[in-house]
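Data first, discussion second: the structure below is written as C-alpha cells.
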Amino acid sequence: MVDVTSQMSVQTAAAAKPPARRYYVLGLLTIIYALNFLDRTIFNVLIEPIKKEFALSDTMMGLLAGFGFALFYSLLGIPIARVADRLNRRNIVAVAFAFWSAMTALCGAATSVTSLALARIGVGIGESAGSPASQSIVADLFAKNERPRALGIYAIGTYLGVFLGYFIGGYVNQHYGWRMAFYVAGLPGILLALVLWLTISEPKRGAMQESFVPEPLGPTLRFLASQRSFIIVLIGFCLTTYTNYATAAWIPPFLARVHHLSSAEIGTYAGTFKGLAGMAGTLLGGFVVAQVSRRDDRWKLWAPAITSGLAGPVFALCMLTQDFAMMVAMLALTSFLVGFHLGPIFAIAQTVAKPSMRALASALIALTATCFGQGVGPLAVGMVNDALKGSYGAEAVRYSLLSAAVTTTLGALLFIWAARAIRNDIGRAAA
C-alpha cells in the first residue's frame with residue numbers, strides 16, 4: 001500500500017514547482033489541443049462548398065467529416081498511448097502535431113474525393129497521438145484535486161478550436177475559397193510543434209504518486225475494466241460526445257440551409273455562440289468541480305450529470321424554434337452546458353487509473369468517444385438528412401439533429417450511475 005503521508009509530501013513538493021512553468025506547459029498543450037480541434041472543425045464549416053464542388057450527398061459528407069477521420073484515430077490511438085506510457089511524451093506530441101498539421105494543409109490540395117479522404121485519414125492518424133500523451137503530462141504536473149481545474153483549462157482547447165475553425169473557415173472560404181482555409185489552418189501548426197520541442201521537457205512520470213511501476217498491457221486493461229466508474233463514464237462520454245460532434249458538423253449547414261446565412265456569417269454566429277460559450281462552460285466546469293469535489297469525490301460526476309441533462313431539452317428547443325434570436329441563445333446555452341463536463345471527465349480518466357496507465361486510460365476515453373461521437377454522429381445525421389430530404393427539403397437537418405438532444409440526456413443518466421462507484425475506484429487507483 002502507498003504511504004499516505006509520504007504521498008502527500010511528494011504531491012506538495014511537486015505542486016511547489018514554479019507555477020509559471022507548470023502553467024506554461026499547460027497553456028502550450030491547450031493551444032495545441034485547440035489546433036487539434038481547429039483542424040477537425042474547419043472541415044465542418046466547409047461542408048457546403050466541398051459538397052458542391054465534388055457533387056456529394058450528405059451521407060458522404062458525414063463519412064468524410066466523421067467516420068473516415070475517427071476510424072484511424074481510434075485504431076491507432078491505443079497502441080500510440082501505450083507507447084506514451086513508456087517513452088518521451090513531449091516528443092510524441094511534437095511529432096504528431098507536425099504531422100496532423102501538414103495533413104490538414106494537404107486537404108486543401110485535394111483533387112478528388114479519394115485524395116481528400118486520405119488527407120482526412122492522415123489528420124486522424126496524427127491527432128490520435130496528441131491528447132492522451134498531453135493529458136498524461138498534465139496529470140504529472142498537477143495533484144488529484146487540482147486536475148479537474150487543470151484539465152478544465154486544457155479542455156477549453158476543444159471550444160477554442162471550434163471557435164477558430166468556424167471563424168477562419170467561414171471568413172477565408174468566403175474571400176479566398178475553401179482550399180485556402182485548409183492551408184491557413186494547417187501550416188502554422190508545424191512551426192508551433194517546433195516551439196513545443198524546444199521549450200518544454202518531459203516531466204517525471206508519476207510525480208504525483210510515491211512510486212511509478214510500469215504495468216504490462218493485460219493487467220492494465222484488466223484493472224481499468226474492473227474500475228466500474230471508468231467503464232460507465234466511457235459509455236456515457238460516448239453519448240455526450242455524439243452531441244458535440246453531430247452539432248459541430250451539422251450546425252454550419254443548418255445555419256446555411258434553414259437560416260440562409262453566408263459563409264462568413266456562419267463563422268461569426270457559430271464561432272461566437274457555440275465556440276465561446278463552450279469555452280466558458282468548459283473553463284467554469286473545471287474550476288467549479290475542482291472546488292465542490294474536495295468534500296465529496298462524487299461531485300466529479302454529479303456536476304457533469306446535471307449540466308448534460310439540462311443540455312438535452314435546451315438543444316431540442318434550439319432546433320425546433322422558428323425565432324432566430326432564440327435559436328442562437330439556445331445554441332450558446334447548449335454549448336455552455338455540454339462543455340461543462342469535459343474537464344471533469346478527462347480528470348476521471350487520470351484519477352481512477354494508476355500513473356503507469358494514464359495515457360492508455362485517456363486514450364480509451366477519447367478514442368471510444370471519438371469513434372462513436374465523431375464516427376457515428378455526423379454520419380447518422382447525414383443519413384437522416386438524405387432520408388428526410390424528400391419530405392422536409394432543407395428543413396431536414398433541423399429534425400435529424402434532434403438525436404443529439406437524446407444522447408446527451410442518456411449520457412447524464414450514466415454519469416449519475418458512475419458516481420456511485422467513484423470513491424472506491426479512486427482508492428483502488430491510489431493503492
For [X] and [Y], I'd like to know if the aromatic rings sit close, meaning centre-to-centre distance below 6.0 Å.
X: Phe37; Y: Tyr33; value: yes
X: Tyr23; Y: Phe142; value: yes
X: Phe167; Y: Phe163; value: yes

Quiz item: Does a sphere of radius 6.0 Å around OH in Tyr269 hold more than 12 heavy atoms from other residues, nucleotides or ligands, not counting ones at 6.0 Å or beyond?
Solution: no

Quiz prompt | Nearest atoms (heavy-atom pairs only) where Phe230 meets Leu224 | solution = CD2-O, 3.7 Å

Quiz item: Ala105 and Leu187: which non-hydrogen atoms are nearest, and at how many Å?
Solution: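 Looking at all heavy atoms of both residues, the shortest contact is CB-CD2, 3.9 Å.
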
List the atom pairs, donor and acceptor, that lie under 3.5 Å between side-chain atoms in residues 336-346 and the rest of the protein, sequence neighbours left out.
{"unit_1": "His341", "atom_1": "ND1", "unit_2": "Val338", "atom_2": "O", "d": "2.4"}
{"unit_1": "His341", "atom_1": "NE2", "unit_2": "Thr240", "atom_2": "OG1", "d": "3.0"}

Taking [X] for the side chain and [Y] for the main chain, is one N or O donor matched with an acceptor at less than 3.5 Å?
X: Glu127; Y: Trp100; result: no
X: Arg90; Y: Trp197; result: yes
X: Asp425; Y: Ser229; result: yes

Practice problem: Please name the residue in the list Ile92, Asp140, Asn88 that meets the side chain to side chain contact (heavy atoms under 4.5 Å, CB included) test with Glu202. | Solution: Asn88

Exercise. Kindly write out the residues that satisfy side chain to side chain donor-acceptor pair (under 3.5 Å) with Trp178, not counting sequence neighbours, or none if the list is empty.
Key: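 Trp178 satisfies side chain to side chain donor-acceptor pair (under 3.5 Å) with Glu53 once adjacent residues are dropped.
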
Do [X] and [Y] make a side-chain contact, defined as non-hydrogen atoms from C-beta onward lying under 4.5 Å apart?
X: Leu29; Y: Tyr154; result: yes
X: Met357; Y: Phe223; result: yes
X: Trp302; Y: Val292; result: no

Exercise. Give a yes or no on whether a salt bridge exists between Glu146 and Arg149, defined as a side-chain N under 4.0 angstrom from a carboxylate O.
Key: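 The answer is yes: the pair qualifies as a salt bridge.
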
